[in-house]
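Take this structure, written in structure tokens, and hold onto it; I'll ask about it next.
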Amino acid sequence: MGSAKIITAAMLAIGDELLSGRTKDKNIGHLADMLFLAGIDLKEVRIVGDEEEMIVEALNALRSRYDYVFTSGGIGPTHDDITADAVAKAFGIPCTHDKAAMELLGAMYARRGVEFNEARQRMARMPVGARHIPNSVSTAPGFTVGNVHVMAGVPQVFVAMLDVLLPTLETGSPVLSRSVASPFGEGDIGSRLSEIQKAHPETSIGSYPRFDGNRFSTEIVIRSRDEAPAAAAERDVLAMIADIATAKAAG
């Protein structure tokens, strides 16, 4: 376990619509799934509104704490799309219309016969020196500054950007996962499971209650970056379940 490579990440989801409930976020779950598969530990998620100071404050806290920060939302054409300005402010660099992004968008709108007006040009704004994250869906790129990766809030575009970005990132040792079905509820297994977790600090053990309409059961998930600790914890979990079954049978 000591040789396991650990890479950490956080997500900052931006938008008043998320906090008001008008939009139901789909990007957090997708990012969590993809980072887990890549061996990157998603440690924290924050949601903030379209307020520059709040975005800057959250971004500075997260980028100093984790290897990567992924943002979603706020890079569209409207007045409340202020993520590019906030990221630039967090890094202390100017935000301007990126020449390459202007060319990409200008060509795309020309092909469509649509005016490349001032509002649409806002989607080409990014901090000076930012690297593009390509957008195969709607052309307007996301961007990377330092360890911060800025992507669209529209789920289809977020997914497309992440698909391009993720293979370019340094990843950690993958997390192994084992699942054990317990026929007993958390009330029956809670204390013993806590003891097992303490005995196996190189694992993370989670319990997830189930109810089939008649009785409670629990799915126990054991995660570790090493096979041996996961297997040892699984043996103890199975022994615990057997002990509880014997005790209940004995009455």
Side-chain angles (χ1 to χ4, degrees), residues 6-20 23 25-28 30-32 34-35 38 40-102 104-105 118-135 138 140-155 157-162 164-166 168-172:
I6 298 176
I7 304 292
T8 60
M11 181 173 181
L12 180 62
I14 299 164
D16 289 344
E17 67 277 9
L18 299 175
L19 295 171
S20 70
T23 297
D25 181 86
K26 296 181 179 179
N27 298 325
I28 294 172
H30 179 72
L31 180 68
M34 297 303 290
L35 293 186
I40 298 174
D41 290 358
L42 182 61
K43 292 291 191 180
E44 185 173 349
V45 175
R46 297 191 190 188
I47 301 176
V48 297
D50 298 311
E51 297 182 33
E52 186 176 90
E53 290 304 319
M54 292 181 65
I55 298 171
V56 171
E57 179 184 357
L59 193 58
N60 281 333
L62 296 172
R63 72 187 180 93
S64 65
R65 189 174 302 152
Y66 303 108
D67 296 306
Y68 299 127
V69 178
F70 301 88
T71 79
S72 65
I75 58 173
T78 60
H79 70 283
D80 57 351
D81 289 311
I82 60 172
T83 298
D85 294 280
V87 173
K89 185 172 183 178
F91 280 89
I93 54 180
C95 186
T96 188
H97 289 84
D98 180 83
K99 181 181 178 181
M102 288 287 286
L104 279 171
L105 287 165
E118 183 178 351
R120 296 185 178 105
Q121 289 176 25
R122 283 181 58 82
M123 293 187 289
R125 297 182 75 254
M126 58 185 68
V128 172
R131 304 186 305 278
H132 287 198
I133 301 174
N135 170 5
S138 56
F143 59 85
T144 293
V145 181
N147 64 338
V148 176
H149 307 287
V150 177
M151 293 178 284
V154 177
V157 180
F158 182 89
V159 168
M161 288 182 173
L162 187 62
V164 175
L165 175 65
L166 201 52
T168 71
L169 301 180
E170 182 180 11
T171 58

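Small disclaimer: the values here were computed from a predicted structure and weren't measured.
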Check: Which heavy-atom pair separates N27 from A152 by the least distance, and what is that distance?
Finding: ND2-O, 4.2 Å

Note to self: Could you go through V150 and I133, starting from their C-alpha distance and side-chain angles, then the distance that decides it, and tell me whether this counts as side-chain contact (heavy atoms from CB on, under 4.5 Å)?
What the structure shows: CA-CA 8 Å; V150 177; I133 301 174; 5.8 Å; no

Notebook entry, point to check: For the residue pair M11 and S72, what are the closest heavy atoms and their distance?
Noted result: CE-OG, 3.4 Å

Item checked: Minimum heavy-atom distance Y66-A10, with the two atoms named -> CD1-CB, 3.4 Å

Check: Given side chains that start at C-beta, do those of R125 and D85 come closer than 4.5 Å, heavy atoms only?
Finding: yes

Check: CG of D67 to CD1 of I6: how many Å apart, nearest 0.5 Å?
Finding: 10.0 Å

Notebook entry, point to check: Hey, are the side chains of L59 and K89 touching, using non-hydrogen atoms and a 4.5 Å cut-off?
Noted result: no

Margin query: Looking only at the side chains, is there a donor atom on one of T8 and D41 sitting less than 3.5 Å from an acceptor on the other?
Written below: no

Next item on the list: Quick one: pull up CZ in R65 and CG in N147 and give me the separation to the nearest 0.5 Å.
Entry: 12.5 Å

Check: Where is the tightest heavy-atom contact between I40 and A9, given as atom of each residue plus distance?
Finding: CG2-CB, 3.7 Å

Next item on the list: Go through the steps to decide whether I55 and I82 satisfy the test side-chain contact (heavy atoms from CB on, under 4.5 Å), and finish with yes or no.
Entry: CA-CA 9 Å; I55 298 171; I82 60 172; 4.1 Å; yes

Notebook entry, point to check: P141 versus M161: any side-chain heavy-atom pair under 4.5 Å?
Noted result: no

Checklist line | Minimum-distance pair of heavy atoms, taken over all atoms of P127 and A84 | finding: CG-O, 4.0 Å

Item checked: Rounded distance (nearest 0.5 Å) linking atom CD of E51 with atom CG of L19 -> 9.0 Å

Check: Heavy-atom count around E44 CD within 6.0 Å, excluding the residue itself: above 12?
Finding: yes

Margin query: As a quick check of understanding, evaluate side-chain contact (heavy atoms from CB on, under 4.5 Å) for E170 and I7, giving each step before the final call.
Written below: CA-CA 8 Å; E170 182 180 11; I7 304 292; 4.1 Å; yes

Check: Taking the six-membered ring for Trp, are F143 and H132 ring centroids under 6.0 Å apart?
Finding: no

Checklist line | Between CZ on residue F70 and CG on residue L165, distance to nearest 0.5 Å | finding: 6.0 Å

Notebook entry, point to check: Do the ring planes of F158 and H30 sit parallel (below 30°), tilted (30 to 60°) or perpendicular (above 60°)?
Noted result: perpendicular

Margin query: Is the shortest side-chain heavy-atom distance between V157 and M151 below 4.5 Å?
Written below: no

Item checked: Atom pair CD1 (I14) and CD (E52), whose distance is rounded to the nearest 0.5 Å -> 11.0 Å

Item checked: Qualifying residues under side chain to side chain donor-acceptor pair (under 3.5 Å), relative to T78, sequence neighbours excluded -> D80, D81

Next item on the list: Answer whether the closest heavy-atom distance between the side chains of V56 and V87 falls below 4.5 Å.
Entry: no

Check: Looking at R122, H97, M123, R120, which one forms a side chain to side chain contact (heavy atoms under 4.5 Å, CB included) with L105?
Finding: M123

Check: What pair of heavy atoms forms the shortest contact from V128 to T96, and how long is it?
Finding: CG2-CG2, 3.7 Å

Margin query: Quick one, L12 with I47, criterion side-chain contact (heavy atoms from CB on, under 4.5 Å). Give me CA distance, side-chain angles, the key distance, then yes/no.
Written below: CA-CA 6 Å; L12 180 62; I47 301 176; over 6 Å; no

Notebook entry, point to check: Hey, what do you get for CZ (R63) to CZ (F91), rounding to the nearest 0.5 Å?
Noted result: 4.0 Å

Next item on the list: Would you check if V145 and I93 make a side-chain contact, meaning some heavy-atom pair closer than 4.5 Å?
Entry: yes

Check: Can you check whether A140's main-chain N or O pairs, donor with acceptor, with N135's side chain at less than 3.5 Å?
Finding: yes

Item checked: Non-hydrogen side-chain atoms of T71 and H149 separated by less than 4.5 Å -> no

